[in-house]
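Just so it is clear, the model here is predicted, and its values are computed rather than measured. The sequence lines fix the lettering, A, B, ..., with proteins before strands; numbering per chain opens at 1.
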Amino acid sequence: MGYSGFSLLKHAVTGNRRWPDVLAEPEMRASYDIVIIGGGGHGLATAHYLTSNHGITNVAVVEAGWIGGGNTARNTTIVRSDYLLNASFQLKHFALKLWSDLTQDLNFNVMYEPRGYVDLAHSDGELEHFTLRANAMQLRGADAAILTGDSLQQRVPELDLSGAKRFPVAGALVQEAGGVVRHDAVAWGFAQNAAAAGIHIFQNCPAISFDIDAGRIIAVTTPKGRIACKQVLISVAGSSSEVAQMAGVDLPLTTINVQALVTEPVKPALDTVVNYNAGLSYVSQTSKGEFVLGGATDGYASFARRGSFERIEDVLARAVQMFPFLSRLRLMRHWSGSADIPMDGNAIMGRTPIDGLMINAGWGYAGFKATPAVGWCMANLLATGDMPDLVAPFALERFANGAEQDDAGIGPYPWLH
Amino acid sequence: MILLPCPNCGPRDEGEFTYGGPQRQLPSLDGQSGTDDWLKALFHPQNPRGPMVELWYHASGCEAWIEVTRDTGTHEIIDVATNRLRDDKQ
């Protein structure tokens with residue numbers, strides 16, 4: 001199903017009651033070339049690029065829940081590429097390029113708005129480090145600026161820089177290409193395009209077990225039947241440990257709860273994304289007027305998708321330091337997602353010890369921004385068997401050979417990343 | 001919100017504690033442990049959906065490390081122990 005001005009007009013006349021289902025419920029075949037486990041943004045983007053870049057359509061996507069019900073639609077919609085390490089930067093930088101054209105590519109409005117991402121530093125030392133990061137970004141061809149004092153105040157007029165603060169703002173790294181993308185539209189846009197090209201998407205259909213023969217994956221079993229296949233991609237975020245364990249693959253992950261909050265909608269007051277770094281609190285305002293807030297993880301292992309007040313209070317206290325007017329708004333909703341985080345806090349992508357079984361995991365609460373790039377690269381790996389340069393540094397083997405990718409320099413504490 | 005029943009101090013809010021992560025077994029130091037043993041011990045924490053023994057440090061209380069058996073799927077606390085309590089039981 002495609003969208004056009006004409007189709008919108010036609011369905012408006014009939015009161016929008018006659019739209020066909022966006023995703024049909026296909027008949028499951030006994031075999032597919034590729035099975036993608038996890039119908040989140042990453043899995044669906046992989047499906048989309050398998051058809052659009054490689055012409056491969058004999059693919060099934062099996063999703064335990066529903067499209068747009070997982071972490072893809074639980075994050076705070078922020079996209080950016082302000083990373084110091086080359087591998088981290090390159091993948092997200094490629095993603096930003098894809099984000100900027102995605103609405104046209106998918107004929108589905110994902111509402112990419114490059115409003116700018118403002119990352120606050122709270123000491124001269126931290127600002128020095130942000131300057132290092134900005135310089136690294138510029139050397140690699142990205143935009144990045146360090147703003148302090150009046151120039152920062154001009155960039156974000158609502159930001160409270162007055163008075164004596166416990167954590168004063170020393171300056172900020174600003175990436176103008178960063179911004180927000182409507183996250184559920186990303187899931188739906190990729191799903192719709194993949195389905196229209198002939199890829200089968202099954203909702204409420206978890207993978208239950210794998211068949212492995214002589215070290216090679218040969219089938220995935222689901223409640224809807226057994227699927228013989230040549231390759232499988234596991235892309236299931238917080239459930240990665242459990243699903244990989246079914247194939248006997250032990251992933252180096254800890255699953256941790258992350259929360260997000262939304263206030264009541266008000267008139268436009270903030271036109272950029274701002275992040276407070278003395279303890280995390282990231283704030284943006286949606287097109288509807290709600291303020292979206294997020295913070296660090298809850299700080300301990302959890303699959304509960306249920307957060308603690310501890311973190312909510314923490315996020316709000318910091319948000320009010322930046323924008324005192326937020327204290328007068330009510331919270332309308334709050335929710336959680338399960339984030340899978342390895343010791344170095346970076347993604348795990350590529351092959352596993354089982355032939356034909358690929359993994360995309362470990363994204364923690366930093367995966368949304370990379371969605372199209374991950375899909376592009378994993379599709380390339382599945383279609384050609386060649387490891388893309390952008391993915392190679394994130395191999396599972398890096399923990400064994402000492403090539404960790406610890407961007408924040410936090411060390412072996414997944415719950416602190 | 002987790003209310004941790006500290007064996008020394010009674011039920012206390014999670015904010016009083018520092019998380020020490022899942023319990024892990026370190027390989028023996030007798031030279032018999034290989035690279036794989038250390039790789040598993042250092043990088044592969046247990047990550048079950050269900051009961052798991054983990055460590056919490058009661059920073060704003062008795063300053064003891066506490067072993068908590070907690071269900072990661074429901075946050076239910078199943079058991080708590082300190083080294084001394086466990087030794088006394090044996």
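- More than 12 non-hydrogen atoms from other residues, nucleotides or ligands lie less than 6.0 angstrom from CD of A:Gln245.
- Here the CG atom belonging to A:Asp298 is positioned 10.0 Å from the CE atom belonging to B:Met1, to the nearest 0.5 angstrom.
- The greatest number of non-hydrogen atom pairs below 4.5 Å with chain B, out of A:Gly299, A:Pro412, A:Pro342, is found for A:Gly299.
- Under the 3.5 Å distance criterion, the side-chain polar atoms of B:Arg70 are matched with a main-chain donor or acceptor of A:Ala301.
- Using bins of under 30°, 30° to 60° and over 60° for the plane-to-plane angle, the ring pair A:Tyr300/B:Trp56 lands in the tilted bin.
- A:Trp415 and B:Tyr19 have perpendicular rings, their planes meeting at more than 60° on a 0 to 90° scale where under 30° would count as parallel.
- The minimum heavy-atom distance between A:Asp250 and B:His44, with the atom names listed, is O-CE1, 2.9 Å.
- Contact count against chain B (heavy-atom pairs under 4.5 Å) is highest for A:Leu253 among A:Leu251, A:Leu253, A:Asp344.
- If you take OG on A:Ser302 and CG on B:Asp71, they are separated by 9.5 Å, rounding to the nearest 0.5 Å.
- The number of heavy-atom neighbours closer than 6.0 Å to OH of A:Tyr413, taken from other residues, nucleotides and ligands shown, is 12 or below.
- The contact between A:Glu404 and chain B is made entirely by side chain atoms (from C-beta outward), counting heavy-atom distances below 4.5 Å.
- Atom CH2 of B:Trp38 has more than 12 heavy atoms from other residues, nucleotides or ligands within 6.0 Å.
- Remark: side-chain polar atoms of A:Arg306 are paired, donor with acceptor, to backbone N or O of B:Thr74 under 3.5 angstrom.
- Taking CG of A:Leu416 as the start and OG1 of B:Thr18 as the end, the distance is 9.5 Å to the nearest 0.5 Å.
- Within the 4.5 angstrom heavy-atom criterion, no atom of A:Arg311 approaches chain B.
- Rounded to the nearest 0.5 Å, atoms OG1 (B:Thr72) and CD1 (A:Ile256) are 11.5 Å apart.
- Counted by atom type alone, A:Thr254 and B:Asn47 present zero donor-acceptor pairs between their side chains at under 3.5 Å.
- Rounded to the nearest 0.5 angstrom, A:Glu310 CD and B:Glu16 CD are separated by 9.5 Å.
- Options B:Gly50, B:Gly15, B:Pro22 differ in how many heavy-atom pairs under 4.5 Å they form with chain A, and the most are formed by B:Gly15.
- Contact of the A:Ser239 side chain with the B:Arg49 side chain is registered, since non-hydrogen atoms from C-beta on lie closer than 4.5 Å.
- For B:Asp13, the part lying near chain A is the side chain, with the backbone staying farther off; criterion is any non-hydrogen pair under 4.5 Å.
- Contact check for A:Met343 versus B:Pro45: side-chain heavy atoms found under the 4.5 Å cut-off.
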